[in-house]
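Input: a single structure, listed below in structure tokens.
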Amino acid sequence: MSSTTYLLQSSPNFRDFGGYPTADGRRVRARRLFRSELLLELTPADLEQLASLQIGLVCDLRSPAERARIGNQWPAGCTYEHLALDLGTELSAVQPDRWSRKLADPDFDAEQAQAALRDNYRRMPAPFARDLRELFVRLARPDAPALLVHCAAGKDRTGFVVAMLLRALGVSDDVVMADYLETRRRYTLDRLIASRLHLTIDPARMGPRGREALAVLASVRADFLQAALDTVERDFGGSVQYLQQACGLTAQMQVSLRDALLET
């Protein structure tokens, strides 16, 4: 299992998601796959640690508007390929402005927030498919660099993409879910609001039920990711078929992907 060690003190959800066992008896390589929130306010020690990881590919799942507003902090002199995956309008619910409007609605409460976020996960698989293939192509190369996948908070969009990458590598559903839920051990609601959500959501504009609704939107729950996995099962016949048919992960590409990212 991935270590719970905080690699970056100022970004607690930055972590290595290597080390997991796979169905063929191998293990996901350590120090090759990382997931995170947006990297901000890094300390000098964090920047030094980040530089040592030699990350060469950064998969940014944020919208163009989010990327235009603010970028990652990165060690001076360290370069990387920036893979910006634009999910288009199909996932408009992940756009921060939409959440801001909902939270300003005096009738928007925790129950509605839970339903909205669960619905958002249900709609992830189809628009993510094309971009997942683009990511797999890069990672399947023998000389593929270490990868960082991130969005804003590193929990929803990142959670789904990492789940599908782990499934492509042969990691079990239980372990995939455990990796997803690890985020909630790393963030309190107040810290998530103060460190990331304040960039797109103004708590001062929230309606009277907004704090409870925001607590749901900031949460990490098994039923959220399960909603996406249920869609994969219902609409595509399961993760194997989804990866092969929707994401274009051919048998040869999967062999190359596993050879590049797994160890005995």
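These numbers come from a predicted model, not from an experiment.
Side chain of R32 to main chain of L261: no donor-acceptor pair is present (N/O by atom type, distance under 3.5 Å, no hydrogens or angles). R35 places no side-chain N or O within 3.5 Å of a backbone atom of V149 that could act as its donor or acceptor partner. Proximity of a side-chain donor or acceptor of N72 to a complementary backbone N or O of L39 within less than 3.5 Å is detected. Side-chain atoms of R15 come within 3.5 Å of backbone atoms of D179 as a donor-acceptor pair (strictly under, hydrogens ignored). Under the 3.5 Å distance criterion, the side-chain polar atoms of T231 are matched with a main-chain donor or acceptor of R122. With hydrogens and angles disregarded, a donor-acceptor distance shorter than 3.5 Å links the side chain of Q254 to the backbone of A168.
Residue pairs that meet the salt bridge (Lys or Arg N to Asp or Glu O under 4.0 Å) test with at least one member in residues 133-151, sequence neighbours left out, are E81-R138, E134-R138. The ring pair (Phe, Tyr, Trp, His ring centres under 6.0 Å) contacts involving residues 147-174 comprise F128-F160, where partners must be two or more places apart or lie in separate chains. Screening residues 33-79 for ring pair (Phe, Tyr, Trp, His ring centres under 6.0 Å) gives F14-F34, W74-Y80 as the qualifying pairs, with residues at least two apart or on separate chains. Evaluation of the ring pair (Phe, Tyr, Trp, His ring centres under 6.0 Å) test over residues 215-259, restricted to residues two or more places apart or in two chains, returns Y121-F224, F236-Y242. Within the structure, the salt bridge (Lys or Arg N to Asp or Glu O under 4.0 Å) test picks out the following pairs touching residues 212-230 (sequence neighbours left out): R118-D223. Residue pairs that meet the salt bridge (Lys or Arg N to Asp or Glu O under 4.0 Å) test with at least one member in residues 237-264, sequence neighbours left out, are R26-D259, R29-E263.
Partners of E233 according to the side-chain contact (heavy atoms from CB on, under 4.5 Å) rule, which considers only residues two or more places apart in sequence or in another chain, do not exist here. A search for side-chain contact (heavy atoms from CB on, under 4.5 Å) contacts involving A260 returns nothing, not counting sequence neighbours. Applying the salt bridge (charged side-chain N to carboxylate O under 4.0 Å, His left out) rule to D235 yields no partners; only residues at least two apart in sequence or on another chain are considered. Applying the salt bridge (charged side-chain N to carboxylate O under 4.0 Å, His left out) criterion to R167, with sequence neighbours excluded, gives D173. For Q73, the side-chain contact (heavy atoms from CB on, under 4.5 Å) test picks out L42, L47, with sequence neighbours left out. With sequence neighbours left out, the side-chain contact (heavy atoms from CB on, under 4.5 Å) criterion links A30 to D16.
With rounding to the nearest 0.5 Å, the separation of CD in Q114 from CG in D109 is 10.5 Å.
For Q54, the CD atom sits in a loose shell: 12 or fewer heavy atoms of surrounding residues, nucleotides or ligands are nearer than 6.0 Å.
Contact record, K155 with C151: N-SG, 4.0 Å, taken as the closest heavy-atom pair.
When only modelled atom types and interatomic distance are considered, N13 and Y187 share no side-chain donor-acceptor pair under 3.5 Å. Residues D174 and S172 bring no donor and acceptor atom of their side chains to less than 3.5 Å of each other. D46 and S10 share a donor-acceptor pair across their side chains, judged by distance under 3.5 Å alone.
Taking the centre and axis of the six-membered ring of Y6, the NZ or CZ atom of R186 falls inside the cone set by 45° and 6.0 Å.
The side chain to side chain contact (heavy atoms under 4.5 Å, CB included) with L262 is formed by just one residue from the set L257, V171, L169; it is L169.
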